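In what follows, chains carry the letters A, B, and so on, assigned in the order in which the sequence lines appear, proteins first and then strands, with residues in each chain numbered from 1. Since the model is a prediction, treat every value here as computed from it, not as a measurement.
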Number of protein chains: 2
Amino acid sequence: MAYRQTPAVEARLHDNRSRILLAARTLVSEGGWAEAQVAAVAAAAGIATGTVYRYFPSKAELFAEVLSAVSQREVDVLTDIASSGGPALGRLHSAVATFVRRAMRNPRLAYALIAEPCDKEIDEARLTYRATVSEVIRSIIESGQAAKEVRPDVRPDVAATVIVGGFMEGLIGPLSPLSRQQHPDTDAYRREVAQLADQIAALACTSVAATAATLRQLNRRPA
Amino acid sequence: MAYRQTPAVEARLHDNRSRILLAARTLVSEGGWAEAQVAAVAAAAGIATGTVYRYFPSKAELFAEVLSAVSQREVDVLTDIASSGGPALGRLHSAVATFVRRAMRNPRLAYALIAEPCDKEIDEARLTYRATVSEVIRSIIESGQAAKEVRPDVRPDVAATVIVGGFMEGLIGPLSPLSRQQHPDTDAYRREVAQLADQIAALACTSVAATAATLRQLNRRPA
DNA sequence: AACATCAGTGAACCGAAATTCATTTCTTTG
DNA sequence: CAAAGAAATGAATTTCGGTTCACTGATGTT
């Protein structure tokens, strides 16, 4: 017996893996999928190209992991909101508005995750992501239906998909590279984002809300 | 002077061009973008690969033309509905439902046009398409606002984008290759499509409608 | 018919980026 | 320290499909 992995090495390997993931995420969030090349990732992580393949079987799996890690954070945030207390429509409003606001904090990354054309394999992970978000929204709608806040004729799965598609598409305009020449760190910009988030969330809520009364209640106390 | 194009040749050229476009469209609608290769198009059109380049400067431009031709038909249909008479919400409902129903008539093609990952260059044309559809929807919403059918606080551009994203995403589930194992030509299937179309259209209408009364009126006479 | 020009051909070319692998360098153990 | 195994390297290979172009065959003009 001549070699066994020591903790020190194990730690270094794990660290390398993290660095690769971090480098990959950074590249995507700076230059989109075009910059997301294996060689570039390796360079950014300070290792050789071939080394990437000791940690990930393929480019697609590497980036699928990046995508799912980032997505998981968003899904977690939404899940928290979904399972918080209060009226369902309030949670729906909050979920949508929060998603929009968070996306606008890192537009380049959000654009890549939501809309930018990319490899088929990576795109699969994206579909899974959307489906998961959709599930969370569906759960809110279902609880809303139980509480009579949501019309009974609404099919929760369809409505959830439509709402998710709606707010993601609503984001594409503001997110798309042309619009993002510069997104200044000003109050005016923040206000604009907040308004957009509110507008989109309001549309989502209205589309399923049972009565005008329920909505009025919501507007009195916007989440 | 030694050569000038005669009508016969002109006709043949034009015919070739059409055949290329038709072959390209057929390939996409059968196998999606994966099958949409220049060599395959040439083969399907019964000509040599290089000949394609006598009619189109690049693959991207060829398929952009395919996409825009197909899209134009849809936009025309929507425009007709938009400029027909009647209440704006009725037109909105009709526009959305019609789009969904038509898409489900050729799911593979619709999927490719709406959601399937594809080359950047082709994707640009797709964005233009979405933007155009969005414009039509926006015009309906604006006229609805003028007629007090649509809430005044709705921003027509945002709402239009959200609605378009919503119904397109609402289609992706039903359209995505897995779901389309077979779409039988049965009454049950047609009923299901009609219901989906109606559900999605209803969500779109509700999201912007001014009052429950307006909606009730709509439900009495579903477009 | 002879010439000029155009249309069609398809095998070869090319670029780009993922992936591989023979070699080198580092770690561990006896 | 030497042997054995693991990890890292990065230049070379592979792949893949779009694009080119030298050539052949058609078509029109004189």
Side-chain angles (χ1 to χ4, degrees), chain A residues 1-20 23-24 27-28 31-66 116-125, chain B residues 1-20 23-24 27-28 31-66 116-125:
Chain A
M1 190 186 290
Y3 184 94
R4 230 177 0 146
Q5 203 173 64
T6 61
V9 171
E10 191 190 359
R12 180 166 53 85
L13 294 193
H14 186 271
D15 184 59
N16 274 356
R17 194 169 197 283
S18 308
R19 281 226 313 291
I20 294 172
L27 282 176
V28 172
W33 298 114
E35 306 289 308
Q37 295 164 16
V38 177
V41 170
I47 58 175
T49 309
T51 308
V52 172
Y53 286 86
R54 297 190 63 80
Y55 295 87
F56 299 91
S58 71
K59 173 186 175 169
E61 296 218 19
L62 162 58
F63 281 99
E65 188 164 331
V66 169
E116 194 182 8
C118 65
D119 294 349
K120 259 203 199 48
E121 292 92 349
I122 300 175
D123 201 71
E124 314 258 303
Chain B
M1 190 186 291
Y3 186 94
R4 227 175 5 143
Q5 204 173 62
T6 61
V9 171
E10 189 190 2
R12 181 164 52 86
L13 294 193
H14 186 271
D15 184 58
N16 275 355
R17 195 169 196 284
S18 308
R19 280 225 315 290
I20 294 173
L27 280 176
V28 170
W33 298 114
E35 307 288 308
Q37 294 164 16
V38 176
V41 170
I47 57 175
T49 309
T51 309
V52 172
Y53 286 85
R54 297 191 66 80
Y55 293 87
F56 298 91
S58 71
K59 173 187 175 168
E61 296 219 19
L62 162 57
F63 281 99
E65 187 164 332
V66 169
E116 194 182 9
C118 64
D119 293 350
K120 262 203 197 46
E121 291 93 348
I122 300 175
D123 201 70
E124 314 258 304

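Atom-to-atom, CD1 of I47(B) to P of dA26(D) comes out at 17 Å; the value is rounded to the nearest Å. If you take CZ of F63(B) and P of dG18(D), they are 8 Å apart, rounded to a whole angstrom. Rounded to whole Å, atom P of dG8(C) lies 13 Å from atom CZ of R17(B). Computed from coordinates, the Q37(A) CD to dG15(C) P distance equals 16 Å when rounded to whole Å. Between the NZ atom of K120(A) and the P atom of dA18(C) there is a distance of 16 Å, given to the nearest Å. E61(A) has its CD atom 14 Å from the C1' atom of dT19(C), to the nearest Å. Atom CD of E121(A) and atom C1' of dA17(C) are 13 Å apart (whole Å). Put simply, OH on Y53(A) is 15 Å from C1' on dA11(D), counting in whole angstrom units.
Applying the 4.0 Å criterion to OP1 and OP2 of dA7(D), one finds that N16(A) has every side-chain N and O outside that range.
Comparing atom distances between the R54(A) side chain and each of dT9(C), dA8(D), dT20(C) picks out dA8(D) as nearest. Listed nucleotides: dA17(C), dT19(C), dA7(C). Nearest to the side chain of R12(B): dA7(C). Here the nucleotide nearest the side chain of A48(B), chosen from dA17(C), dT20(D), dT9(C), is dT9(C). Listed nucleotides: dA8(D), dG10(D), dG18(D). Nearest to the side chain of T49(A): dG10(D).
If you check every strand for non-hydrogen atoms under 4.0 Å, D119(A) touches nothing. Among the atoms of the strands shown, only primed sugar atoms or phosphate atoms (P, OP1, OP2) are found under 4.0 Å from some heavy atom of Y55(B).
In this structure, K59(B) NZ and L62(B) CG are separated by 9.0 Å, a value rounded to the nearest 0.5 Å. Taking CD from E61(B) and CD from E121(B), the interatomic distance works out to 10.0 Å, rounded to the nearest 0.5 Å. Rounding to the nearest 0.5 Å places CG of N16(B) at 5.0 Å from CZ of R19(B).
Projected onto DNA chain C by closest heavy-atom contact, T51(A) and V38(A) fall at different nucleotides, the more 5' of which corresponds to V38(A).
Proximity of a side-chain donor or acceptor of E116(A) to a complementary backbone N or O of W33(A) within less than 3.5 Å is detected.
A pairwise comparison of heavy atoms in A23(B) and A44(B) identifies CB-CB, 3.8 Å as the closest pair.
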